[in-house]
Amino acid sequence: VFSVLLLVLSHMTKAQNPFIKNYTIADGLPTNKIIHIYRDSKGFMWFTTDSGVIRFDGSSFINFSVDDGLSDNVVMRMKEDLQGRLWFFNLNGTTNYFYENTFYNSENAPFLNELKTRFYLINFFQDADSTLYFYNTFSEVFVIKNNELVDYKNFGFNNLSDAGLHYFNKSEEDRFLLWTSQGIYSTNEIDGELTLKRVHEGILKVFEGKKHDNIVLDRSFFIHFFDNGEMIPPKAFQTETQFINSIIVDQEGYIWVATFDKGVFCYKDNELILSLDIKSAQGLFPDNENYFWITSSSSGIYKINREILKFK
């Protein structure tokens with residue numbers, strides 16, 4: 001019965017499926033190319049696009065662009081720090097942040113000039129003392145403290161064959177962990193000597209989990225779970241494709257996977273329980289009202305009612 005239901009739900013059009021709402025230009029979006037998604041500490045859902053950023057306030061979408069203070073309309077990633085600043089990483093290598101209803105750029109926050117890079121930043125790690133470590137896949141790390149650049153390091157991983165910096169965080173032992181295609185390296189300080197912590201040559205992407213947890217996609221389409229830089233056996237399982245853009249484990253243990261070429265999948269206990277035909281899926285994020293939000297780079301934003309999982 002479930003397999004039949006799964007097939008039906010997967011092939012329904014978005015208009016036919018009562019569990020799915022698809023938002024597009026017709027609903028007030030500035031574009032249907034939605035890249036990243038994030039829920040801030042106030043509960044607002046934010047979306048990055050090729051036409052600025054969008055905030056959903058619970059009833060309507062509000063669009064922001066360079067006219068509002070962004071340094072570029074093509075915004076690739078975003079993340080909030082512990083001070084409540086929402087950071088935006090732009091395709092042209094600039095960085096902005098939004099704080100107390102104001103967008104900050106190099107004019108009203110000159111230190112942002114120090115974060116300008118040839119290839120856009122993808123994320124940051126915030127230490128216990130609020131120091132921010134911004135980084136990109138070209139293995140550049142920019143260290144910001146009290147709105148000042150205090151250190152910079154290019155680890156040179158991009159000079160190795162098929163390599164790059166996928167993720168950057170700290171272990172429970174207070175050592176920096178650098179997740180690369182060549183392996184996981186550790187060091188006590190940014191300018192210190194690197195030690196190979198674990199070789200895992202198949203790393204394609206690293207997805208953020210809880211404080212010391214991470215999810216790794218390897219070249220054989222397997223998803224691995226890590227705790228404090230160590231793989232957790234035997235939780236690895238194989239997915240449908242390697243073109244994965246986002247993975248999230250929700251509070252009930254469901255694993256949601258957004259892929260560029262095969263749609264969106266939901267797993268429980270390593271078994272596929274739901275497949276959604278959403279083209280060019282990019283990001284996904286849960287809200288506080290029993291919905292899952294999914295972005296697509298070709299067809300806008302999807303709001304999925306989690307009640308759909310009751311039919312598993």
Side-chain angles (χ1 to χ4, degrees), residues 2-3 5-14 17 19-24 31-39 45 47-50 75-78 122-123 137 162 164 166-167 179 181 200 202-209 213-226 235-250 252-287 291-306 308-309 312:
F2 166 68
S3 60
L5 178 62
L6 177 63
L7 182 64
V8 171
L9 289 174
S10 300
H11 290 85
M12 276 183 173
T13 66
K14 312 307 179 299
N17 195 322
F19 298 102
I20 301 176
K21 168 64 176 175
N22 183 203
Y23 299 96
T24 65
T31 175
N32 284 335
K33 186 173 183 177
I34 314 297
I35 304 170
H36 196 216
I37 180 172
Y38 191 84
R39 188 185 75 224
M45 302 299 296
F47 308 87
T48 68
T49 80
D50 63 347
V75 186
M76 303 302 294
R77 293 287 184 270
M78 59 186 157
I122 60 172
N123 203 344
T137 57
D162 192 26
H166 298 300
Y167 191 72
W179 303 65
S181 300
H200 192 29
I203 291 180
L204 277 178
K205 289 186 177 181
V206 180
F207 301 94
E208 204 163 32
D213 297 344
N214 297 97
I215 306 168
V216 169
L217 173 69
D218 73 14
R219 296 186 181 280
S220 299
F221 311 171
F222 276 90
I223 292 175
H224 303 271
F225 296 86
F226 281 72
K235 289 188 176 181
F237 68 98
Q238 194 169 28
T239 62
E240 314 301 315
T241 174
Q242 67 175 335
F243 299 107
I244 295 176
N245 288 320
S246 186
I247 301 176
I248 281 185
V249 180
D250 68 20
E252 297 181 19
Y254 291 95
I255 302 170
W256 296 78
V257 180
T259 77
F260 183 79
D261 59 336
K262 293 185 179 294
V264 175
F265 302 95
C266 183
Y267 300 86
K268 185 66 180 291
D269 298 325
N270 297 352
E271 292 186 6
L272 178 64
I273 64 168
L274 181 67
S275 174
L276 299 173
D277 184 21
I278 296 178
K279 305 297 185 185
S280 308
Q282 294 288 330
L284 41 82
F285 218 101
D287 65 13
Y291 291 96
F292 235 88
W293 294 76
I294 301 170
T295 60
S296 164
S297 58
S298 62
S299 55
I301 300 168
Y302 294 86
K303 183 180 180 182
I304 313 297
N305 191 326
R306 283 179 55 90
I308 196 172
L309 297 175
K312 62 183 185 296

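Counting from 1, the numbers follow the sequence of the chain as shown.
- Tyr254 is listed as a side-chain neighbour of Arg306, based on a closest heavy-atom distance under 4.5 Å.
- The two residues Ile278 and Ser296 have their closest heavy-atom pair at CG2-CB, 4.3 Å.
- Between Thr48 and Met76, every side-chain heavy-atom pair lies at or beyond the 4.5 Å cut-off.
- Applying the 6.0 Å contact sphere to CZ of Phe260 captures no more than 12 heavy atoms from other residues, nucleotides or ligands.
- Nearest heavy-atom pair across Leu309 and Cys266 is CD2-SG, 4.0 Å.
- Side-chain N or O atoms of Asp287 include none that pairs as donor or acceptor with a backbone N or O of Arg39 at under 3.5 Å.
- The number of heavy-atom neighbours closer than 6.0 Å to CD of Glu271, taken from other residues, nucleotides and ligands shown, is 12 or below.
- Side-chain atoms of Val249 and Phe225, non-hydrogen and from C-beta on, do get closer than 4.5 Å to each other.
- Shortest non-hydrogen contact noted between Ile34 and Gln282 is O-CG, 3.6 Å.
- Tyr167 and Trp179 have perpendicular rings, their planes meeting at more than 60° on a 0 to 90° scale where under 30° would count as parallel.
- At most 12 heavy atoms of other shown residues, nucleotides or ligands fall within 6.0 angstrom of atom NZ in Lys33.
- Taking all atoms of both residues into account, the shortest heavy-atom contact from Ile37 to Met45 is CD1-CE, 3.8 Å.
- Looking at Thr295 and His36, their side chains never bring a donor and an acceptor atom within 3.5 Å of each other.
- Contact between Ile215 and Ile223 at its shortest, heavy atoms only, is CG2-CG2, 3.3 Å.
- Ring pair His224/Phe226 is perpendicular by interplanar angle, where above 60° counts as perpendicular and below 30° as parallel.
- Minimum interatomic distance between Asp50 and Ile35 (heavy atoms only, all atoms of both residues): N-CD1, 4.2 Å.
- The backbone N or O of Ile20 lies less than 3.5 Å from no partner atom in the side chain of Asn305, so there is not a single donor-acceptor pair.
- Between Ile248 and Phe292, the closest side-chain pair of non-hydrogen atoms falls below 4.5 Å.
- Proximity of Ile244 to Lys205: side-chain heavy atoms (C-beta onward) are nowhere separated by under 4.5 Å.
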